[in-house]
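Working notes for the structure below.
Being a predicted model, the structure only gives us computed values, none of them experimental. Positions are given from 1, in the same order as the sequence printed here.
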Amino acid sequence: MGQCLRHPMQWDDLEEYQALTFLTKKEILCIHDTFLKLCPSGKCYKDVTLTMDQVSSLPALRVNPFRDRICKVFSHNGLFSFEDVLGMASVFSEQACPSLKIEYAFRIYDLNENGFIDEEDLRGIILRLLNSEDVSEDLLSGITSHVLSECVLDEEDKLSFSEFELAMAKSPDFLRSFRIHFWGY
């Protein structure tokens with residue numbers, strides 16, 4: 001049995017984590033239990049970082065077509081502290097505020113990380129959502145053109161954050177679907 005298993009979360013830490021996230025105490029404890037299982041023997045959870053591979057292999061992310069982007073956005077140099085994992089779970093919780101969800105969705109969907117969601121990003125998003133590379137060029141071009149024409153307010157063929165924010169505010173399904181249930185809660 002590793003040292004981190006002998007050092008459960010302190011009540012004060014639990015209270016602080018709850019105050020800083022959109023998570024309940026029960027959710028935090030479930031995430032903590034899962035994190036402990038991934039801790040190397042002899043290490044306390046506060047001293048451990050997990051790799052992107054470890055986090056992306058968890059059931060909640062394993063089947064998500066954006067798991068690599070989610071992990072990149074929430075990790076620090078490809079590593080996750082316990083607090084990073086809590087932050088990720090908090091953003092994807094049902095209680096997270098819409099503006100926070102929209103901010104992180106934009107960062108996740110900006111696949112080429114140029115500060116916009118452009119045609120290249122939209123093509124990548126569509127291919128990921130369809131889970132296929134076998135999509136006709138006509139269909140791909142049609143969908144990206146339609147999205148850009150509906151959402152872009154200026155003459156540039158790319159979505160700025162504010163344009164993305166406006167589009168997501170008009171989409172009630174977005175907030176319901178931008179959730180991941182982590183670690184059995």
Side-chain angles (χ1 to χ4, degrees), residues 1-2 4-5 8-9 14 17-18 20-98 100-113 117 120-135 139-140 143 147 164 168 171-185:
M1 186 178 262
C4 66
L5 296 176
M9 185 180 302
L14 180 59
Y17 290 141
Q18 186 182 20
L20 295 173
T21 66
F22 292 98
L23 302 170
T24 65
K25 289 176 184 166
K26 181 180 177 185
E27 291 167 337
I28 294 166
L29 290 171
C30 287
I31 293 166
H32 180 257
D33 288 345
T34 300
F35 196 90
L36 287 179
K37 291 174 187 169
L38 299 173
C39 285
S41 181
K43 297 281 186 179
C44 179
Y45 76 94
K46 287 186 176 186
D47 301 326
V48 172
T49 54
L50 302 179
T51 66
M52 286 177 44
D53 285 343
Q54 286 174 298
V55 173
S56 69
S57 70
L58 291 166
L61 286 175
R62 190 178 309 138
V63 297
N64 190 302
F66 297 96
R67 71 182 164 279
D68 62 319
R69 290 293 306 151
I70 293 168
C71 286
K72 184 168 175 97
V73 166
F74 285 95
S75 67
H76 290 89
N77 298 319
L79 298 173
F80 285 85
S81 67
F82 179 67
E83 287 80 12
D84 294 332
V85 172
L86 281 183
M88 178 174 58
S90 181
V91 167
F92 284 104
S93 74
E94 292 180 36
Q95 291 75 33
C97 63
L100 188 66
K101 288 181 174 289
I102 291 169
E103 174 190 339
Y104 277 92
F106 185 84
R107 291 176 60 194
I108 291 165
Y109 298 151
D110 181 11
L111 303 177
N112 60 18
E113 299 180 2
I117 296 179
E120 178 185 342
D121 295 321
L122 286 172
R123 287 173 171 269
I125 291 165
I126 293 163
L127 292 172
R128 285 173 184 241
L129 290 172
L130 295 176
N131 195 23
S132 174
E133 294 289 326
D134 189 28
V135 177
L139 178 61
L140 205 50
I143 294 171
V147 169
F164 180 79
M168 293 302 100
S171 174
D173 290 340
F174 167 74
L175 293 177
R176 280 195 303 275
S177 65
F178 199 75
R179 292 189 297 201
I180 298 175
H181 295 281
F182 285 90
W183 299 286
Y185 67 73

Shortest non-hydrogen contact between N112 and E120, atoms and distance: ND2-OE1, 3.3 Å

From E113 atom CD to D110 atom CG, the distance as rounded to the nearest 0.5 Å: 6.5 Å

Aromatic ring pairing F82/H32, orientation class (parallel under 30°, perpendicular over 60°, tilted between): perpendicular

Test of ring centre spacing under 6.0 Å for Y109 and F66: yes

Beyond-backbone contact of F178 with I108, side-chain heavy atoms, under 4.5 angstrom: yes

Distance (rounded to the nearest 0.5 Å) between R123 CZ and I143 CD1: 10.0 Å

Closest approach of A60 to I180 (non-hydrogen atoms, all atoms of both residues): O-CG2, 3.5 Å

Candidate pair L23 and I31, rule side-chain contact (heavy atoms from CB on, under 4.5 Å), full reasoning: CA-CA 10 Å; L23 302 170; I31 293 166; 3.9 Å; yes

R67 versus S56, closest heavy-atom pair with distance: CD-O, 3.8 Å

Distance, nearest 0.5 Å, that separates OG of S81 from CD of E83: 4.5 Å

Residue pair I117 / L111, side-chain heavy-atom distance below 4.5 Å: no

Interatomic distance, F35 atom CZ to Y45 atom OH [nearest 0.5 angstrom]: 9.5 Å

Spatial distance of atom CD1 (I28) from atom OG (S90) [nearest 0.5 Å]: 8.5 Å

Heavy-atom pair of closest approach, residues V73 and R107: O-NH2, 3.6 Å

F74 ring center near F80 ring center (under 6.0 Å): no

Any donor-acceptor N/O pair, R179 side chain to F92 backbone, under 3.5 Å: no

Heavy-atom closest pair, residues I70 and M88: CG2-SD, 3.6 Å

Nearest atoms (heavy-atom pairs only) where V55 meets C71: CG1-SG, 4.1 Å

Side-chain ion pair, R128 and D121, N-O less than 4.0 Å: no

SB check E94 K101 (cutoff 4.0 Å): no

Atom pair SG (C39) and CD (Q54), whose distance is rounded to the nearest 0.5 Å: 9.5 Å

S75 (side chain) donor-acceptor with N77 (main chain) under 3.5 angstrom: no

